[in-house]
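Within every chain, numbering begins at 1; the chains are lettered A, B, ... in the order of the sequence lines, protein sequences first and strands thereafter.
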Protein chains: 2
Amino acid sequence: MTTRYHHGNLRTALVDAAVEVASEKGPDGLAVRDLARRVGVSHNAAYRHFSDRDALVEEVAQRGMQGLLAAMHARLDAVTETDPVERARCRLQELGKGYVDYALAEPGLFRVVFTAYPEPPSAAPSGSDPDDPGAAPDPYQLLGAALDDLVDVGFLHPDARPDAEMTCWSVVHGFAVLTTEGPLRAVPAPERDAALDRVLATIDRSYGATTAPRRPRDEPAMATDGPTRGASG
Amino acid sequence: MTTRYHHGNLRTALVDAAVEVASEKGPDGLAVRDLARRVGVSHNAAYRHFSDRDALVEEVAQRGMQGLLAAMHARLDAVTETDPVERARCRLQELGKGYVDYALAEPGLFRVVFTAYPEPPSAAPSGSDPDDPGAAPDPYQLLGAALDDLVDVGFLHPDARPDAEMTCWSVVHGFAVLTTEGPLRAVPAPERDAALDRVLATIDRSYGATTAPRRPRDEPAMATDGPTRGASG
DNA sequence: CCGAGAGTGTGGACGGTGTCAACATCCGCT
DNA sequence: AGCGGATGTTGACACCGTCCACACTCTCGG
């Protein structure tokens, strides 16, 4: 009874164990044989459920992505500000903080997410692939929505909207990488958190600096409200 | 003659081979046995010159760091602008571009640099350790100098100076990681380059926004120059 | 001139890994 | 009942890092 020939739910057991290991040791600490051993099954039993080691890592990455999204949503939903402009600004900040929160709380899983990141979001701008409809919604979309809000609310000038995703993602991702696995990994937490505040404030300041002035100056501001990006010509 | 028992300069030969391999396959593609094979020497001969695989990787990382610094210096030295403000602004931009240049040109070595990055620069703010005097000057110092110039020249307000290194490093590093090994790795080069320009322009705009206002408009533009939002300070 | 010892390279071994192939077992369906 | 597919096991191969004992070569002191 204790050791049945068929495990029952080996797949999820393996992924669970993999998540646990990756959480502690990162993607490089993930070994199929080790996981099989932990789960109490013989080596390469896993190959009945995963074609590759990479396939298993990919599964862990999806779990990590869920966690990342959850962290971002948690921060986002905690914003109580009512003034539209302040709210939109605050939400963007919190989005970034949620991202870094997760990277700091789960550096191993965070790394897995970005070692096995499937394909660039620009290739499929709508987010979900047709052959993978239930795919987790990218943080990219969350970010895009927050930035759109910032434009709608009148804080971010449309001229500064293009590639704003890349700016925000870059700052926040760079900060996360540098402070978790990078050269700044030993910066004490208080200084680190203060630095993140300043970093995000820098972005906020930039966006505020391009706010459309109340009375439109001689700048025609080329009213391209349509966010059609990739349609270059 | 062709095969002498003593190789002569095995150490450098190994590092050369390692740099070549790492340039193509990144740090994970680096195997001591494989390198020994390439150099035409038996396995673990390398262990007479490197205590560890990590020690060898570290050597490659130093080479990579040299390349990174060279790329940044190249961009920096190419700036011909004479107007002090414009020059300082331009130099900061070019510093970032040089960083990204190298990451895109040598993604494998770039990764090695940051998988084996010794210790945070904040621990040793002066840069060089006393027991390693000839150590390569951090890009961190280059960045700090450029930012100091920006303050001296009057473009960057001193209030925005703290942690400016982290902001700039984060954007640029994040951009590099996302576009080389990350989810944005398949963004075509022209769009990518344009995006970097916009990203850097965003930072520049932020720093300009805190400049002592040339034409102080009636709008204080929410003059909370202190980015401390929720902080109790 | 020679021999000792340090420096360097070789060969073998151990435990670890991913992955393939062949075999064993069990469950569900006919 | 029994058969087939799904699942798990055992064994093997080729890699890997690393430790060990050994072999060769060069240099230096006598």
Exercise. With a 3.5 Å cut-off and just heavy-atom distances, do the side chain of B/Asp54 and the base of D/dG17 make a donor-acceptor pair?
Worked result: no

Problem set entry | Short side-chain to backbone donor-acceptor contact, A/Arg198 and B/Asp163, under 3.5 Å | no

Problem set entry | hbond_proxy B/Asn44 side chain to C/dG11 base (donor-acceptor, 3.5 Å cutoff) | yes

Seminar exercise, completed: Whole-Å distance, B/Leu56 CG to D/dC16 C1', equals 14 Å

Problem set entry | Between C/dG16 (P) and A/Lys25 (NZ): distance, integer Å | 12 Å

For this session: For C/dT17, take OP1 and OP2 only and decide whether either is under 4.0 Å from a side-chain N or O of A/Arg37.
Result: yes

Problem set entry | Atom-pair distance (CZ on A/Arg53; P on C/dT19), nearest Å | 8 Å

Exercise. OH of A/Tyr47 versus C1' of D/dC13: gap in Å, rounded?
Worked result: 13 Å

Problem set entry | For atom CG of A/Asp28 and atom P of C/dG16, their distance in whole Å | 18 Å

Exercise. How far does CG of A/Leu178 sit from NE2 of B/His173, to the nearest 0.5 angstrom?
Worked result: 4.5 Å

Exercise. Quick one: A/His43 NE2 to C/dG15 C1', roughly how many Å, whole number?
Worked result: 14 Å

Exercise. Can you check whether A/Arg48 has a side-chain N or O nearer than 4.0 Å to OP1 or OP2 of D/dG8?
Worked result: no

Problem set entry | Residue whose nearest DNA chain D nucleotide is more 5′ - A/Gly40 or B/Arg33 | A/Gly40

Exercise. Does CD in A/Glu20 sit with more than 12 non-hydrogen atoms of other residues, nucleotides or ligands closer than 6.0 Å?
Worked result: no

Exercise. If only side-chain N and O atoms of A/His49 are considered, is one of them under 4.0 Å from the OP1 or OP2 phosphate oxygen of D/dG8?
Worked result: yes

Problem set entry | Separation of D/dG8 P from A/Phe50 CZ (nearest whole Å) | 11 Å

For this session: Tell me whether the OP1 or OP2 atom of D/dT10 has a side-chain N or O from A/Ser42 closer than 4.0 Å.
Result: yes

Exercise. Judged by atom type as modelled, is there a donor-acceptor pair below 3.5 Å linking the side chain of A/Glu24 to the main-chain atoms of A/Val21?
Worked result: no

Problem set entry | A/Gln93 side chain near A/Val79 side chain, heavy-atom distance below 4.5 Å | no

Exercise. To the nearest angstrom, how far is A/Asn9 atom CG from D/dT7 atom C1'?
Worked result: 13 Å

Exercise. Looking at C/dT17, does its base get a donor-acceptor pair with the side chain of A/Asp34 below 3.5 Å?
Worked result: no

Exercise. For B/Ala45, which contact category applies under a 4.0 Å heavy-atom criterion: base, sugar-phosphate, or nothing?
Worked result: base

